[in-house]
Amino acid sequence: GAVVSQHPSWVICKSGTSVKIECRSLDFQATTMFWYRQFPKQSLMLMATSNEGSKATYEQGVEKDKFLINHASLTLSTLTVTSAHPEDSSFYICSARPGQGHEKLFFGSGTQLSVL
Amino acid sequence: GENVEQHPSTLSVQEGDSAVIKCTYSDSASNYFPWYKQELGKGPQLIIDIRSNVGEKKDQRIAVTLNKTAKHFSLHITETQPEDSAVYFCAASPGFQKLVFGTGTRLLVSP
């Protein structure tokens with residue numbers, strides 16, 4: 001159980017375009033999902049907390065207009081990188097807890113974004 | 001806020017040896033400490049976790065110890081195998097809040 005599915009696994013786009021990444025909890029409902037960003041050989045940095053039915057909470061320094069998060073259902077959260085630029089190239093990973101009261105956090109397989 | 005330090009950054013061992021990775025945290029309110037294994041190009045995989053009311057937890061070749069007084073926790077892998085080679089991250093969390101990750105340890109197990 002506790003499977004988090006993330007798509008696409010990799011995407012290449014041109015500078016100035018927008019890219020959407022999907023994160024689904026397959027066998028549980030997630031009122032909260034988390035989006036992380038990871039640069040090569042570095043740790044995971046939390047970008048934002050996605051809350052079902054309400055606005056996302058962004059970490060300090062993360063542009064909310066740049067990284068749009070939508071959590072429209074209990075099993076789906078999306079991250080849209082708007083007007084992508086080469087510096088947005090990174091590994092993006094979502095995660096979720098299998099329900100209220102659970103501490104364990106499970107991660108998706110990640111999305112490698114390359115902006116040309 | 002919470003700050004997690006992790007050592008060493010790289011660790012090379014021979015197959016069959018033990019490997020130990022150590023982390024320290026700063027926030028005494030943290031009470032949940034998971035460890036993740038990340039292979040290249042993949043998302044982190046939860047391998048073991050411990051709560052602050054427990055001093056040690058073991059799962060086959062993997063064990064985690066926690067010293068709440070010193071704010072230290074460690075991952076122990078015994079009888080290492082080449083497939084244990086990966087990057088390992090520790091993390092700390094004050095309950096159900098966000099996880100703060102360590103900087104990662106690249107483990108290489110040579111046959």
Side-chain angles (χ1 to χ4, degrees), chain A residues 1-11 21 23-26 30-51 56-62 90-114, chain B residues 1-11 21 23-25 29-54 57 59 64 66 73 85-108:
Chain A
V3 178
V4 177
S5 176
Q6 187 173 341
H7 292 280
S9 56
W10 59 271
V11 58
I21 302 170
C23 180
R24 295 179 184 272
S25 55
L26 296 187
T31 55
T32 303
M33 291 185 175
F34 303 88
W35 286 95
Y36 288 82
R37 182 174 183 177
Q38 186 178 33
F39 290 107
K41 297 185 178 181
Q42 293 192 20
S43 188
L44 290 82
M45 298 300 297
L46 180 65
M47 297 175 65
T49 301
S50 171
N51 304 299
T57 304
Y58 290 82
E59 295 298 302
Q60 189 174 7
V62 178
S90 187
F91 193 56
Y92 294 87
I93 321 171
C94 69
S95 63
R97 288 192 166 98
Q100 298 283 9
H102 276 263
E103 292 171 314
K104 297 181 189 294
L105 190 64
F106 295 92
F107 284 82
S109 53
T111 298
Q112 180 64 52
L113 170 64
S114 295
Chain B
E2 177 62 275
N3 181 53
V4 179
E5 295 187 355
Q6 183 172 347
H7 300 280
S9 57
T10 58
L11 179 59
I21 303 170
C23 289
T24 61
Y25 62 99
S30 288
N31 56 10
Y32 175 64
F33 308 93
W35 285 87
Y36 288 86
K37 175 183 180 182
Q38 186 179 27
E39 298 177 337
L40 189 63
K42 298 183 178 180
Q45 176 190 4
L46 179 66
I47 56 173
I48 196 167
D49 56 4
I50 192 169
R51 299 199 76 243
S52 59
N53 58 351
V54 176
K57 184 177 179 180
D59 183 3
V64 57
L66 171 65
F73 59 113
S85 297
V87 179
Y88 291 81
F89 290 98
C90 63
S93 170
F96 302 115
Q97 297 183 31
K98 59 188 180 186
L99 286 179
V100 177
F101 284 85
T103 49
T105 296
R106 188 172 301 274
L107 174 64
L108 176 61

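Reminder, nothing fancy here: chain letters follow the sequence lines and each chain counts from 1. Every heavy atom of this structure was used, including side-chain atoms; hydrogens, water molecules and symmetry mates were not.
Residue-environment remark: NZ (B/K57) exceeds the threshold of 12 foreign heavy atoms within 6.0 Å. Sparse packing is recorded around CG of B/L40, with 12 or fewer heavy atoms of other residues, nucleotides or ligands lying under 6.0 Å away.
A/Y36 is listed as a side-chain neighbour of B/L99, based on a closest heavy-atom distance under 4.5 Å. Using a 4.5 Å heavy-atom threshold, the side chains of A/K104 and B/L46 count as touching.
Of the two parts of A/L105, the backbone and the side chain both hold a non-hydrogen atom closer than 4.5 Å to a non-hydrogen atom of chain B. When heavy atoms are compared at a cutoff of 4.5 Å, B/P34 does not approach chain A at all. With a 4.5 Å cut-off on non-hydrogen atoms, B/Q38 touches chain A through its side chain but not through its backbone. Within the 4.5 angstrom heavy-atom criterion, atoms from both the backbone and the side chain of A/L44 approach chain B. Using a 4.5 Å cut-off between heavy atoms, A/Q112 makes no contact with chain B at all.
Rounded to the nearest 0.5 angstrom, A/Q38 CD and B/F101 CZ are separated by 9.0 Å.
Judged by distance alone, with hydrogens and angles left aside, the side-chain atoms of A/S43 form no donor-acceptor pair with the main-chain N or O of B/G104 at under 3.5 Å.
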